[in-house]
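Order of the sequence lines sets the chain letters (A, B, ...), proteins ahead of strands, with each chain counted from 1. Hydrogens, waters and symmetry mates play no part in the numbers below; they use all other heavy atoms, side chains included. The model shown is predicted, which means the values in this text are computed figures rather than measured ones.
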Protein chains: 2
Amino acid sequence: MTKDTAAHILLVEDEKPLAALLKESLKLEGFTSRYCKDGEEAWDIFKSEKFDLCLLDVNMPKMNGIELGKLIRDKDAFVPILFLTANSSEQEVLDGFEIGADDYMTKPFSLKELNARIRVLLKRSQTQRNFIATATPEVFQIDNLTIDISNQFIKHADDIKKISKTEAELLKLFIQHKNQVLTRNTILLHVWGRDDFYTARNLDVYINKLRKIIKLTDQTEIINIHGTGFKLADKLTS
Amino acid sequence: MTKDTAAHILLVEDEKPLAALLKESLKLEGFTSRYCKDGEEAWDIFKSEKFDLCLLDVNMPKMNGIELGKLIRDKDAFVPILFLTANSSEQEVLDGFEIGADDYMTKPFSLKELNARIRVLLKRSQTQRNFIATATPEVFQIDNLTIDISNQFIKHADDIKKISKTEAELLKLFIQHKNQVLTRNTILLHVWGRDDFYTARNLDVYINKLRKIIKLTDQTEIINIHGTGFKLADKLTS
DNA sequence: AATATTTCTAAACCAGTTCTTAAAATAAAT
DNA sequence: ATTTATTTTAAGAACTGGTTTAGAAATATT
């Protein structure tokens, strides 16, 4: 959950109509979600995407929710897991908590209550994150230019210049994806959490600011891929 | 809950037989508990005793569970609150979550499930507790300035000056994380337990107080990272 | 139990900075 | 040529931070 952007939720549910309802409900609450129809598919997705919460049906073909929950919990000790179940035998519920579930709801349930519980879990994990996380130092060196993201400054030949939070975030995104094309949409969602006309213009303003910084080195530049996005890349010396 | 000792639970329930059953169950699970028969009594007790979790019945004479929960949440932003309710209208449940409940169970419920949910909540809050309770020496020496956190005073060239509890706590947090950027949110959660508009401005007031103290040494300073937070750092000697 | 003292919060004000919007100029693609 | 995308500059809006102060709340003292 970068910045103020919406939480991203993994939704695994084999009953299509319920799944559609849930996906719609999550959207209305302002969350983004990724839907998977069974446990195997979900596990594949989970390995490659970052989620703020997992909403798992227990009874599913191929791999049931509990098994999936265990895999998820083993890989990520903190991501909140909420199980949905139809025929909740007490033992099944206890099994869920045993493998590290955070909450359990029995069908049929109130959508509003589900949303309330989701918010509780998200708030808790967010608080936990803030409590523990003191920004890991992020210092990059490009040519004779030092870029300190967490302390928000750049240093060029003993000349220290402060940069803003947004500049730092954008710069970090580029550095982490050096030589890769970042689409406008990716950048906008990552840094601003939204993608609309004005924010897109704003990005251009910030590209301009960043180019002035990057110019201090003469090895690297931000190049535009017309109609697509931008790329931080080594200059061609030809 | 100091490390290995059992969690201490506030149990508020006006139905005597259920209360007795719950108290017994908590004991079997290895928890200690304090029983109160109504909200008013519970609030008195809560103010003077430290609990790791609150188990509150919603329907009670004198002060209902929701009101009590709100008082508790205002005083302590972190202690987990679990509501028990007989006739759970959806709205009542939502009200509970609204005031900051962490979980909700509808009577009749499975004792085993209740215990599982209690353990989940305790586990989550444990992480934070551990972070708070990192034992560190309470006396620091920075340059010619001695800072005694537990006795709440600073000493500079034989000049002893008292500092307040909040000043001491904030100073300690900075010293423990010297040269690391602390976000406003992290600071607020640690020192004030909440992050809202007024508390945020309050932080600025205290930064101001602390800077006057820190100024007594000329090696160290509190610097602001615009839009992010603050950092206690060695002055740059350039 | 009343009073004094200290500490904390809320609020106002100002200064500084960062972000957004707008608009004009330039470049690329069809 | 014309449309669409990008670059650049700039003004003001919005936000963030620093400082002081008055009164509320909590704590200590008589």
Check your understanding: CD1 of Ile222(A) versus P of dT6(D): gap in Å, rounded?
Key -> 14 Å
Check your understanding: Under 4.0 Å: is that the gap between some side-chain N or O of Trp192(B) and OP1 or OP2 of dC8(C)?
Key -> no
Study note, to complete from the structure: Within residues 196-204 of chain B, the residues having a heavy atom closer than 4.0 Å to DNA chain C are Tyr198(B), Arg201(B), Asn202(B)
Practice item. Go through dT17(C), dG18(D), dT20(D) for me and flag the one nearest to the Lys212(B) side chain. Key: dT20(D)
Exercise for review: Measure from the side-chain heavy atoms of Val205(B) and tell me the nearest of dA5(D), dT9(D), dT20(D).
Suggested key: dT20(D)
Exercise for review: Determine, for Arg34(B) against Glu49(B), whether the closest basic-nitrogen to carboxylate-oxygen distance falls under 4.0 angstrom.
Suggested key: yes
Review point. Base, sugar-phosphate, or nothing: which does Asn224(A) touch, judged by heavy atoms less than 4.0 Å apart?
Key: sugar-phosphate
**Study point:** Atom-pair distance (CD1 on Ile207(A); C1' on dA5(D)), nearest Å
**Key:** 14 Å
Point to revise | Nearest to side-chain heavy atoms of Thr166(A), which nucleotide of dT9(D), dC19(C), dT19(D) | key: dC19(C)
Exercise for review: Kindly indicate whether the side chain of Asp52(B), heavy atoms from C-beta on, has any atom under 4.5 Å from the side chain of Ile9(B).
Suggested key: no
Study note, to complete from the structure: Per-helix bend value, the helix from dA1(C)-dT30(D) to dT30(C)-dA1(D), C1' rotation axes over five pairs per end, 10° rounding, shows 40°
Check your understanding: Looking at Lys209(B), does any N or O in its side chain come under 4.0 Å of the phosphate oxygens OP1/OP2 on dT6(C)?
Key -> no
